[in-house]
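Computed over heavy atoms, backbone and side chain alike; hydrogens, waters and symmetry mates excluded.
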Amino acid sequence: MKIQSVISQNRLELLFQQGSYGLEKESLRVHKDGSLALTPHPHQFGNRSFHPYIQTDFAESQLELITPPNHQLQDTMRWLSAIHQVVLRNMEKDEYIFPLSMPPKLPAPEFIKVAQLDKAEDVAYREHLVEVYGKEKQMVSGIHYNFQLAPKLVEKLHELVAVEENFVEFQNRLYLKMGKNFLRYQWILVYLLSATPTVDPGYFKGNSPLKAGEYVRSLRSSRYGYVNEADIIVSFDSLQKYADSLEHWVKEGRLIAEKEFYSNVRLRGANKARELVQKGIQYVEFRLFDLNPFEEFGMSEADANFIHYFILLMLWLDETADQNAVELGRARLAEVALEHPLAMTKYAQEGKALLQQMLQMAESLLAPKNIQKTIAEKLAQFDAPETTLCGKLVQAIEKEGSYQKLGAKLAQEYKARALAKYYQLEAFSNMELSTQALMADAIAQGFKLEILDEQDNFLKLQYENHFEYVKNGNMTAKDSYISPLIMENKVVTKKVLAQAGFNVPASLEFTQAETAKQSYPLFAQKAVVIKPKSTNFGLGISIFQKGVQNAEDFAKAVDIAFKEDNAIMVEDYLEGTEYRFFVIGDKTLAVLLRVPANVEGDGKHSVQELVAQKNSDPLRGDGKRSPLKKIELGEIEILQLKSQGFTQDSIPKKGEIVQLRANSNISTGGDSIDMTDEMHPSYKQLAVGITQAMGAKVCGVDLIIPDLTQEASKSIHSWGVIEANFNPMMMMHIFPHRGQSRRVTQDVLKMLFPERYLA
């Protein structure tokens with residue numbers, strides 16, 4: 001089958017470039033100096049028996065990070081980033097992820113502990129590997145690249161060119177061609193992407209084949225890497241022969257199991273190779289790749305794309321490698337792996353010819369320009385070996401003094417980057433911050449996570465066979481449909497709470513702006529709050545805590561409120577301090593004091609300049625993807641300044657606090673201070689009762705309390721309810737401006753999956 005013509009004649013170019021992608025990245029945990037961490041697998045990640053993302057490979061010190069399969073390669077790279085950041089933020093403070101494939105200087109073998117997994121047979125398998133290969137080779141790490149063709153492509157090709165052939169046999173033939181041609185030309189990827197030029201002499205148990213200062217392209221891909229004995233040959237001529245030869249070596253005792261065959265191509269889709277004959281190959285695992293130490297997560301997106309198109313080329317080629325060609329590819333791989341990284345490769349002409357075909361394929365497929373550019377750059381590297389990854393790495397090692405020093409330096413840099421914006425999953429920073437926090441906890445604790453709608457912050461979480469849907473971090477099926485509708489309507493909320501016996505301030509509702517403005521005499525000189533009937537996040541709220549001074553300001557506040565809703569409320573202002581209570585079920589988990597947006601004068605700068613200075617804090621942003629909201633100077637803020645005798649050009653005295661908002665919402669620029677431990681328990685119980693009156697499971701309750709240390713009484717002078725909020729903001733409890741972090745997203749997970757925490 002000449003696939004090139006079939007694709008072009010049937011306009012299958014786009015479909016041919018699609019597929020599913022997954023990455024499995026092995027990495028060692030190390031200390032600051034790059035020495036191996038001998039601690040057990042971090043308990044923070046729970047039991048490895050079910051964790052979909054964070055596992056151990058051979059040893060307790062060797063992490064294996066696994067992305068879920070994605071239809072977009074970019075999403076796979078985003079997942080790798082997110083898992084990496086979660087791991088780095090949950091590891092011990094003095095531990096790091098080593099960015100190189102070859103291990104650092106290792107301790108004596110007895111100190112390297114094999115992974116202590118639940119199943120005895122899994123531990124026994126690793127102990128067998130120790131006997132055959134030694135612990136040193138087991139500590140070599142890399143990235144496995146899993147690829148599946150788009151099923152619709154396979155179906156279409158079968159329909160067009162192999163109608164008489166069994167579909168499974170046709171699919172197997174496609175994947176076998178891909179695998180065999182990859183093994184024939186795999187040396188090219190080692191030349192371009194290898195990154196294991198050296199290792200500590202102790203790796204060779206005192207018999208290092210490398211002289212001092214000598215480098216090679218890839219120890220990992222050479223006979224000194226993690227490879228089978230040279231005489232263990234497995235045939236790829238057909239799937240039947242593949243299964244036969246694997247079973248032969250297992251029967252002979254040369255392999256303890258089929259998975260001990262360490263080919264750079266693994267055919268996937270069943271537990272045993274024999275089963276693939278009937279079930280069909282579903283995808284191929286390519287195990288060739290060294291970690292790129294210059295990339296934070298071990299592989300760049302550009303290289304991942306290049307590998308994808310290299311794999312596609314293996315199908316695009318007219319020829320299909322036979323077993324002799326596969327063995328030729330294996331021999332060339334061994335040669336190229338031991339070449340000097342700064343030397344021209346012996347097989348440059350073949351490499352350039354193949355990449356020329358790859359470039360032509362990309363042009364025929366109308367591949368994105370960035371893909372074509374990457375291929376052209378790789379092609380040029382055959383004439384400039386110093387520009388290959390390994391060429392650059394050797395130069396960096398020479399500059400730093402040793403590969404372990406370089407690895408330690410990069411490991412520290414990458415962890416510092418992960419911690420710099422500790423509140424954010426960088427790859428998913430477009431999502432709401434509380435949702436990101438929930439995702440981070442779900443990844444860490446081993447829940448399967450599917451992003452159903454990224455823009456709408458809609459997730460699916462799963463533990464074993466139990467799944468739950470979550471929107472915006474805490475909107476779940478645990479709340480009744482009516483609960484958020486009640487809380488969205490402030491009039492209904494007040495009536496429900498009043499009927500349940502809770503203290504609520506007196507108020508009047510208005511549906512016409514003019515009618516509200518005409519009612520000014522009712523509120524003149526009185527302390528009131530003017531707010532939309534149905535709102536959240538503090539939008540459209542004006543507070544006159546010193547009393548309404550004139551009709552003009554009252555009318556302005558009415559107009560601001562009506563911009564947010566078609567009905568507003570004017571209610572009595574309660575004296576005291578406002579606190580936000582975060583409640584799940586029958587427990588108040590966090591209490592926050594929210595200080596209204598403000599600036600402190602220095603006697604030199606204007607209010608406008610002071611706002612700009614405060615907004616420069618990296619924790620301040622849009623309030624959805626950052627812990628704190630930037631302060632604005634809008635209509636409400638100008639009105640608040642006016643009530644204090646200021647304009648935005650005024651220069652406050654040194655130490656003078658200027659209020660820019662009367663309402664204390666974080667979403668309008670306020671500061672957050674955790675007060676959970678200081679709050680009297682009686683108010684925490686009141687918040688639980690209010691939540692239950694709302695029929696809610698998760699609720700944010702706003703109480704006005706004059707003295708948080710005194711037990712609550714029935715009087716409205718003791719406390720009053722301002723609001724009950726559905727989908728309460730969690731990030732201000734997790735990332736307070738001051739005080740203890742309350743990781744309430746973990747409590748959401750416990751609410752949804754109690755069995756996970758009892759296991």
Practice item. Apply salt bridge (charged side-chain N to carboxylate O under 4.0 Å, His left out) to Arg173 and Glu165, showing your working. Key: CA-CA 11 Å; Arg173 187 156 58 88; Glu165 186 178 10; 2.7 Å; yes
**Study point:** Polar contact flag, side-chain donor to acceptor under 3.5 angstrom, Gln381-Glu377
**Key:** no
Review point. With sequence neighbours left out, what residues match Thr345 under side-chain hydrogen bond (donor to acceptor under 3.5 Å, both in side chains)?
Key: Glu339
Review point. Does the side-chain contact (heavy atoms from CB on, under 4.5 Å) test come out yes or no for Val87 and Leu63, once each step is laid out?
Key: CA-CA 10 Å; Val87 169; Leu63 292 165; 3.9 Å; yes
Exercise for review: First locate atom CD of Gln356, then atom CZ of Phe382, and finally report the distance between them rounded to the nearest 0.5 Å.
Suggested key: 10.5 Å
Check your understanding: How about Glu121: does its CD atom have over 12 heavy atoms from other parts shown lying under 6.0 Å from it?
Key -> yes
Exercise for review: Start with the C-alpha distance between Glu285 and Arg287, add both sets of side-chain angles, then the distance that settles salt bridge (charged side-chain N to carboxylate O under 4.0 Å, His left out), and finish with yes or no.
Suggested key: CA-CA 6 Å; Glu285 178 185 4; Arg287 301 161 52 85; 3.4 Å; yes
Check your understanding: Among all residues two or more places apart in sequence or in another chain, which pass the ring pair (Phe, Tyr, Trp, His ring centres under 6.0 Å) test with His41?
Key -> none
Exercise for review: Let me see the working for Gln62 and Ser141 under side chain to side chain donor-acceptor pair (under 3.5 Å), right down to the final yes or no.
Suggested key: CA-CA 8 Å; Gln62 191 174 37; Ser141 300; 3.2 Å; yes
Point to revise | Partners meeting side-chain hydrogen bond (donor to acceptor under 3.5 Å, both in side chains) with Tyr283 (sequence neighbours left out) | key: none
Review point. Would you say the side-chain atoms of Asn264 and Gln186 include a donor-acceptor pair closer than 3.5 Å?
Key: yes
Exercise for review: Keeping to residues at least two apart or across chains, list the salt bridge (Lys or Arg N to Asp or Glu O under 4.0 Å) pairs with something in residues 253-265.
Suggested key: Asp231-Arg254
Point to revise | Euclidean distance, Lys177 NZ relative to Met314 CE, rounded to 0.5 Å | key: 10.0 Å
Practice item. Determine, stepwise, if the pair Lys152 / Glu155 fulfils salt bridge (charged side-chain N to carboxylate O under 4.0 Å, His left out). Key: CA-CA 5 Å; Lys152 288 185 179 179; Glu155 292 170 9; over 6 Å; no
**Study point:** Parallel, tilted or perpendicular, as decided by the 30° and 60° cut-offs, for the rings of Tyr242 and Phe236
**Key:** tilted
Exercise for review: Give a yes or no on whether Lys156 atom NZ has more than 12 heavy-atom contacts from other residues, nucleotides or ligands under 6.0 Å away.
Suggested key: no
Point to revise | Set of residues satisfying ring pair (Phe, Tyr, Trp, His ring centres under 6.0 Å) with respect to Tyr414, sequence neighbours excluded | key: none
Practice item. Please confirm whether the backbone N or O of Gln72 pairs with a side-chain atom of Asn70, one donor and one acceptor, at under 3.5 Å? Key: no
Practice item. Can you tell me which residue pairs pass the salt bridge (Lys or Arg N to Asp or Glu O under 4.0 Å) test with a partner in residues 186-197, sequence neighbours excluded? Key: none
Study note, to complete from the structure: From the list Leu328, Leu317, Thr320, side-chain contact (heavy atoms from CB on, under 4.5 Å) partner of Arg184 resolves to Leu328
Point to revise | Any donor-acceptor N/O pair, Gln282 side chain to Gly280 backbone, under 3.5 Å | key: yes
Practice item. Determine whether more than 12 heavy atoms belonging to other residues, nucleotides or ligands lie under 6.0 Å from atom NE2 of His128. Key: yes
Review point. Are Lys378 and Phe306 in a cation-pi contact, defined as NZ or CZ under 6.0 Å from the six-membered ring centre and within 45° of the axis?
Key: yes
Point to revise | Worked verdict on Ser194 versus Asp290 for side chain to side chain donor-acceptor pair (under 3.5 Å) | key: CA-CA 6 Å; Ser194 65; Asp290 295 348; 4.9 Å; no
**Study point:** Backbone N/O of Leu288 and side chain of Arg220: donor-acceptor pair under 3.5 Å
**Key:** yes
Exercise for review: Hey, can you tell me if His158 and Phe170 have their rings parallel, tilted or perpendicular (30° and 60° cut-offs)?
Suggested key: tilted
Review point. Is a side-chain donor-acceptor pair under 3.5 Å present for Lys25 with His144?
Key: no
Check your understanding: In Å, rounded to the nearest 0.5 Å, how long is the span from CG of Leu183 to CZ of Phe286?
Key -> 8.5 Å
Review point. Atom CD of Glu169 and atom OG of Ser238: how far apart are they, to the nearest 0.5 Å?
Key: 11.0 Å
Point to revise | Charged N-O contact under 4.0 Å between Glu275 and Lys272 | key: no
Practice item. Report yes if the distance between the aromatic ring centroids of Tyr191 and Tyr347 is under 6.0 Å, otherwise no. Key: no
Check your understanding: Which residue pairs satisfy the salt bridge (Lys or Arg N to Asp or Glu O under 4.0 Å) criterion with at least one member in residues 66-91, sequence neighbours excluded?
Key -> Asp75-Arg78, Arg78-Glu454
Review point. Aromatic rings Tyr469 and Phe458: how do their planes relate, parallel, tilted or perpendicular, breaks at 30° and 60°?
Key: perpendicular
Review point. If you round to the nearest 0.5 Å, how far is CG of Leu36 from OG of Ser61?
Key: 4.0 Å
**Study point:** Exercise: do Asp303 and Tyr145 side chains pair donor with acceptor under 3.5 Å
**Key:** no
Exercise for review: Would you check if the side chain of Gln462 reaches a backbone N or O of Glu464 as a donor-acceptor pair within less than 3.5 Å?
Suggested key: yes
**Study point:** From CD1 (Ile311) to CG (Asn181), nearest 0.5 Å
**Key:** 12.0 Å
Check your understanding: Okay, side chain of Glu327, backbone of Gln323: is any donor-acceptor separation there less than 3.5 Å?
Key -> no
Practice item. Could you list the residues that satisfy side-chain hydrogen bond (donor to acceptor under 3.5 Å, both in side chains) with Tyr262, not counting sequence neighbours? Key: Tyr125, Tyr226
Review point. With under 30° as parallel and over 60° as perpendicular, where do the rings of Tyr757 and Phe447 fit, or are they tilted in between?
Key: tilted
**Study point:** Charged N-O contact under 4.0 Å between Lys471 and Asp456
**Key:** yes
Study note, to complete from the structure: Quick note, ring-ring contact (aromatic ring centres under 6.0 Å, His included) partners involving residues 5-27, not counting sequence neighbours, are Phe16-Trp316, Tyr21-Phe147, Tyr21-His308
Exercise for review: Give a yes-or-no answer on whether the side chains of Tyr463 and Gln445 include a donor-acceptor pair shorter than 3.5 Å.
Suggested key: no
Check your understanding: Which pairs with one or both residues in residues 3-15 pass salt bridge (Lys or Arg N to Asp or Glu O under 4.0 Å), sequence neighbours excluded?
Key -> Arg11-Glu13
Point to revise | Donor-acceptor side-chain pairing of Ser218 and Thr196 below 3.5 angstrom | key: yes
Practice item. State which residues pass ring pair (Phe, Tyr, Trp, His ring centres under 6.0 Å) with His466; sequence neighbours excluded, sorted by chain then number. Key: Phe753
Review point. Hey, does the side chain of Gln436 reach the backbone of Met431 with a donor-acceptor pair shorter than 3.5 angstrom?
Key: yes
Which side-chain N or O atoms in residues 366-375 pair as donor and acceptor under 3.5 Å with protein atoms at least two apart or in another chain?
residue : atom : partner : partner atom : Å
Gln372  : NE2  : Ala367  : O            : 2.9
Thr374  : OG1  : Asn370  : O            : 3.0

Exercise for review: Might you work through the side chain to side chain donor-acceptor pair (under 3.5 Å) test for Glu350 and Trp187, ending with a clear yes or no?
Suggested key: CA-CA 10 Å; Glu350 180 180 81; Trp187 72 265; 2.9 Å; yes
